[in-house]
Peer 1: 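Below is a structure I'd like to ask you about.
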There are 2 protein chains.
Amino acid sequence: MPRPSEPTRARIVQAASALFYNEGIRRVSVDEVAAKAGLTKRTLYYHFKSKDDLVAAYLAARDQPNLALFRKWFEEAEGGVPVKVEAIFKNLARSARHPKWKGCGFLRTSAELANMPGHPAIRIGAAHKKKFEDWLRATFAEQGIADPLKLARQILLLLDGSFAVVLLHRDASYMETAGEAARTLIAMALKKKGQKRG
Amino acid sequence: MPRPSEPTRARIVQAASALFYNEGIRRVSVDEVAAKAGLTKRTLYYHFKSKDDLVAAYLAARDQPNLALFRKWFEEAEGGVPVKVEAIFKNLARSARHPKWKGCGFLRTSAELANMPGHPAIRIGAAHKKKFEDWLRATFAEQGIADPLKLARQILLLLDGSFAVVLLHRDASYMETAGEAARTLIAMALKKKGQKRG
DNA sequence: TTGTGTATATTCACTGGTTAGTATACATAC
DNA sequence: GTATGTATACTAACCAGTGAATATACACAA
């Protein structure tokens, strides 16, 4: 069952990814993506039925790698869960200091397409954040924290807040401030659990 | 010293405001703004030298009213500072449940124009958030909190995080979760101060 | 081995519509 | 009669998506 050639499709997504992330969705034309991928627009429209479809593919391709990176940062940090979560923020701050950094592609896309609530790209973004929230919730549940979902959401709020604020101010130190708040909230939830047991 | 007629200019900004907030900056054409304001594009270009100029005016017009609203929500809430700050989040959640709500205009604009770091609209957005941060910092300083700037930034991170997350998930309950986290962090900072004194 | 049919993959050239910004002229007020 | 303000009509570029033709690969029969 032969299907649309994978390497070509992947090259298109890669080109779209770089352009959409750096310039924004509506700023980038399909012609530009095709040119960057080294083929014609007509060929691109053979592999993707519309620009919206291409935008969705751009975010879908970022889903797993992004989550894997967060998990890696968490796992390779030494210490308890509060310190491990804070390590995610510290690593993110390091990334955000690179000049080409332009925030979170999922959030920026949802902000740009806010007038199209059912857009597939927004759904992919929402699913991505939900996966991260779920992973945090499971991690906190393992620690016996009383309301792991609430805590996971608070950490997510700090994380996405730091994406937004750092993009606006171009000051990555906000990410470290967010990490500190996250560590504090987690440590307090752990303490509370201890009090209930003892 | 006669200057460009104020009512006309204000009507243009009002039209631009509605369109840019609802549809996004790059999605809306100057023609649409002019039509909504009830005049021709050429007239609009008499009052604003470029579309970028118009975008900046759109955000500048939202600066003071937005800050005033937050202060009002803070002041009319009954209770201590933690509860008063949480009230801001609760009121915001109520706003966010309106179907026309589409997040924070400042953040969405900065996300859409992330490829133009020096854009005047982004500077206006950054200044707006800084003013809110300053107001929080002063409020916390009055309470004798040890590091009022850090706490102010953590609240700001939760606030802007909730703008981003609620826009993505269309679930305003995240704002109440953020408010709870804010209240917790402030209450803890107040307690810490008390411990140092006692 | 060679011919041939078929689905995959790619290109050129085009359409109909939109867009930011402008040249020019006309109106109105003081 | 000069500065302010408004409208008509235009440019030159851009943009999402398509029609029609073509090229490539591979299965299978002779």
Side-chain angles (χ1 to χ4, degrees), chain A residues 1-59 109 112-116 118-122, chain B residues 1-59 109 112-116 118-122:
Chain A
M1 195 203 301
R3 74 185 68 75
S5 72
E6 275 309 315
T8 302
R9 194 190 148 94
R11 220 172 64 247
I12 295 171
V13 172
Q14 205 170 357
S17 213
L19 288 169
F20 286 151
Y21 180 75
N22 285 318
E23 313 279 342
I25 305 298
R26 295 209 246 247
R27 174 62 189 273
V28 171
S29 70
V30 177
D31 292 85
E32 283 176 279
V33 175
K36 177 138 191 165
L39 35 79
T40 64
K41 178 167 58 172
R42 197 64 186 78
T43 301
L44 189 152
Y45 272 100
Y46 177 80
H47 293 274
F48 299 89
K49 77 174 216 295
S50 66
K51 186 180 180 181
D52 287 337
D53 195 27
L54 182 58
V55 174
Y58 145 59
L59 288 187
T109 301
E112 195 170 349
L113 306 183
N115 62 320
M116 311 173 75
H119 195 289
I122 293 177
Chain B
M1 193 204 299
R3 71 182 73 74
S5 73
E6 276 308 317
T8 301
R9 194 190 149 95
R11 221 172 63 245
I12 296 170
V13 172
Q14 205 171 356
S17 213
L19 289 168
F20 285 152
Y21 180 76
N22 285 318
E23 313 280 340
I25 305 298
R26 294 208 247 248
R27 175 64 190 271
V28 172
S29 70
V30 177
D31 292 85
E32 283 177 277
V33 175
K36 179 139 191 164
L39 34 79
T40 64
K41 179 166 60 172
R42 195 59 189 84
T43 300
L44 189 152
Y45 273 101
Y46 177 81
H47 293 275
F48 299 89
K49 76 175 220 291
S50 67
K51 185 180 181 180
D52 287 337
D53 195 25
L54 183 58
V55 174
Y58 145 58
L59 289 187
T109 302
E112 195 171 348
L113 306 183
N115 63 320
M116 309 173 76
H119 194 290
I122 293 177

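Each chain gets a letter, A, B and so on, in the order its sequence line appears, and its residues count up from 1.
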Peer 1: Let me have a per-nucleotide readout for nucleotides 12-24 of chain C, 5' to 3', with B, S or -, counting only protein heavy atoms under 4.0 Å.
Peer 2: B------SBBBB-
Peer 1: Under the side chain to side chain donor-acceptor pair (under 3.5 Å) test, which residues partner B/Ser50, sequence neighbours left out?
Peer 2: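 None.
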Peer 1: Can you name the residues that form a side chain to side chain donor-acceptor pair (under 3.5 Å) with A/Glu32, not counting sequence neighbours?
Peer 2: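 Counting only residues at least two positions away or on another chain, A/Glu32 forms a side chain to side chain donor-acceptor pair (under 3.5 Å) with A/Ser29.
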Peer 1: List in chain and number order the residues that pass side chain to side chain contact (heavy atoms under 4.5 Å, CB included) with A/Arg42, two or more places apart in sequence or in another chain; answer none if no residue qualifies.
Peer 2: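 With sequence neighbours excluded, A/Arg42 shows a side chain to side chain contact (heavy atoms under 4.5 Å, CB included) to A/Thr40, A/Tyr45, given in chain and number order.
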Peer 1: Please enumerate all residues that pass salt bridge (charged side-chain N to carboxylate O under 4.0 Å, His left out) together with A/Asp31, with sequence neighbours excluded.
Peer 2: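 Partners of A/Asp31 under the salt bridge (charged side-chain N to carboxylate O under 4.0 Å, His left out) test: A/Lys41.
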Peer 1: Could you work out, with ring-ring contact (aromatic ring centres under 6.0 Å, His included) as the rule, every residue matching B/Tyr58, not counting sequence neighbours?
Peer 2: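 If we apply the ring-ring contact (aromatic ring centres under 6.0 Å, His included) test to B/Tyr58, skipping adjacent residues, the hits are B/Phe20.
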Peer 1: Roughly, in whole Å, what's the span from CG in B/Leu39 to C1' in D/dT8?
Peer 2: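 Whole-Å distance recorded here is 14 Å.
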Peer 1: Does D/dT6 have OP1 or OP2 sitting under 4.0 Å from an N or O in the side chain of B/Tyr46?
Peer 2: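 B/Tyr46 to D/dT6 OP1/OP2: no side-chain N or O under 4.0 Å.
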Peer 1: Do any side-chain nitrogens or oxygens of B/His47 fall under 4.0 Å of OP1 or OP2 in D/dT6?
Peer 2: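 Indeed, a polar side-chain atom of B/His47 lies that close.
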